[in-house]
Amino acid sequence: MCGIVGIVGKTHAEQIIINGLQRLEYRGYDSAGLFVSDEKQEHLVKSQGRIKNLQEKLTNEVNGTIGIGHTRWATHGKPSEENAHPHTSQNGQLVLVHNGVIENFAELANDYLAEENFYGQTDTEIVVNLIASFMEKESLSTKTAFQKALSVIHGSYAFALVNKEEPETIYVAKNKSPLLIGLGEGFNVIASDALAVLDQTHEFVEIADNELVTVTADGIVIEDQKGEIIQRDAYQAQLDASDIEKGTYPFYMLKEIDEQPTVMRKLTQEYRDDQGKVNIDKDLVEEVSASDRIYIVACGTSYNAGWAAKSLLETVTQIPVEVQLSSEFGYNMPLLSERPFFIFLTQSGETADSRQVLVQTNRLGFPSLTITNVAGSTLSREAKYTLLLHAGPEIAVASTKAYTAQIAMLAILAQAVGKNKNSKASTSFDAFHELSIVATAMESMVDEKDYISSLVEHYLSTTRNAFYIGRGNDYYVASEAALKLKEISYVQAEGFAAGELKHGTIALIEEATPVLGIITGQNTGAHTRGNLKEVESRGANTIVIASEELARQEDQIILPTVHPLLTSLVAVIPTQLIAYYACLQRGYDVDKPRNLAKSVTVE
Ligand code: M6R
């Protein structure tokens, strides 16, 4: 979603900002803009569409020493140049970029800015004018006016503000949306994601909600709401700029699909001690073991990963598991068990829908764990425990390696809890051993690229719709497979419980509709095959993805054998490749699908 990059104290600020915004492109955006100033000249440039459009508008004369830039994913107001950030106050003095949503922007406009006209439709334009009006009407300094504006704003935000008359200072503040300060020698940077400025620094300082930070070339001053100065140590980002390079791959998604066997092995390395036992915080294991129900709360692909791990967790830990959509759960919380334990699955650790649930469960005093790929992310900081996925940055909007890493992480956690509870199933389940078999199986599947590409060409190259079906765990993989296909190839794909088709959805089957059946369940395979026959007799083209022991000669994709509780980890690989090639063959941008953002920081 929206991205922020800013710098003060270095020449050619515009280039640093452009580079940073390009690194944030993967998060999804529809317009971009930047403001830079070199004390003599100011440049405010905005454009709709890609950052290269913005770059083309910058002339060689620009050489800023301070600047703020932004990529916008439209929420209030259509994607357009006028709605792109930075926004300027009507007196021309202040420029502001903003990530997040101001919920009471209409009231603010009404209460404080009734006489003003606005050039766009964004909530951000209201905020910049609100600050300017506090400065003018109450003769306040920039910082005090900013602080006052923050006190009346409701919603989520990461703001970076520059007063053109103070071209040596960036004021920043955040609430719910991420923002970091990066420290340099003689300069400082700000960014909504450390990845954006790794070419400038690896040393970062976190900002907490409701703090205001004054950033100059020589230092930063963090203040809380009362104006008290806060000292906070910097930390070193454990990320390498090369982690975010595509290398020889045409798209990040393909690279990330290929990385999955390595991620399985990395997780084993990270969580296994010298004796081969699971190395996870004992207090965490105790708290999960003491719970009477695990609630997995997540969105999108992470939600699908929760389902894929449900029966594994239940079998090995002997604790019932519920999987819930964050955006529903937060507003319709069911009757909870007596000793619930909450697991937030989130690749980015920033998803606003999940965060609002965590805020509530924290308020209710329930223990929580965030499983995330991003150390220091908001949900990681706010949950009682964190387990990191160690999958390396996932740049493609379509999540692949985070999905499999989440399931594998839950398998490792399940083993620790099962052992702690002495559950019968945990004695025969060695997560590390099973994951090493999975890694090898994944390798053989990712090697099938050419074959899968030809299957896609044959069955899916022009279709408008497609169905994935399966039962049990295969149904959960079908849901993820369909999500992947629809989000990047725009094929209207649905994942269905195979037995449910005949209760309604079978009406949609037409001549040559592709129906892909996933068959890895010993007790369900025959039934799913029966359901495939039903659609075949109504004209569908069926494609079978089956595990070795259940496969028939005519099946199109055969999966190597892995532990029955971990089949999703392997079955999903061909479906990721199917989505990839369906997108590629249609000529769409694999890594940046339309309308989507990598990190969804609005509810
Ligand atoms: O960062 P999160 O895992 O919390 O994100 C949740 C969803 O937005 C995300 O999984 C989304 O569905 C993926 N882009 C799908 O590929």
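Atoms within each ligand, like the ligands themselves, are counted from 1 in listed order.
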### Summary
Closest to atom 9 (C) of ligand 1 (heavy atoms only, candidates Thr301, Thr351, Ile488) is Thr301

### Message
Assess whether a salt bridge exists between Asp193 and Arg23, defined as any Lys/Arg side-chain N lying under 4.0 Å from an Asp/Glu carboxylate O.
### Response
no

### Query
Should Ala398 be counted as touching ligand 1, given the test is an N or O pair under 3.5 Å?
no

### Message
Whether the Tyr385 and Glu287 side chains hold a donor-acceptor pair (N or O, under 3.5 Å, no angle test) is what I'd like checked.
### Response
yes

### Message
Between Leu313 and Ile296, is there a side-chain heavy-atom distance shorter than 4.5 Å?
### Response
yes

### Protein heavy atom at shortest distance from atom 6 (C) of ligand 1
Cys299 O, 3.4 Å

## Note on the structure
Minimal heavy-atom distance between Gly182 and Thr201, with the atoms involved, is CA-CG2, 3.7 Å

### Heteroatom proximity flag, Gln406 to ligand 1, N/O under 3.5 Å
no

### Task
Just need the protein heavy atom nearest to atom 16 (O) of ligand 1, so name the residue and atom and give the distance.
Glu487 OE2, 2.4 Å

### Query
Quick one: does NZ or CZ of Arg594 land under 6.0 Å from the six-membered ring centre of Tyr490, within 45 degrees of the ring axis?
yes

### Query
So which protein heavy atom does atom 14 (N) of ligand 1 come closest to, and at what separation?
Val397 O, 2.8 Å

### Task
Go through the side-chain N and O atoms of Thr520 and Asp474 and say whether any donor and acceptor fall under 3.5 Å apart.
yes

### Query
Quick one: are Gln360 and Phe329 in side-chain contact, heavy atoms under 4.5 Å?
no

#### Entry: Atoms in ligand 1 flagged as close to Lys484, the criterion being non-hydrogen separation under 4.0 Å
15 (C), 16 (O)

### Summary
protein heavy-atom neighbour closest to atom 1 (O) of ligand 1 works out as Ser348 OG, 2.6 Å

### Query
How far is atom 3 (O) of ligand 1 from its nearest protein heavy atom, and which residue and atom name does that atom have?
Ser302 OG, 2.6 Å

### Query
Closest non-hydrogen protein atom to atom 8 (O) of ligand 1, residue and atom name please, with distance?
Val600 CG2, 4.0 Å

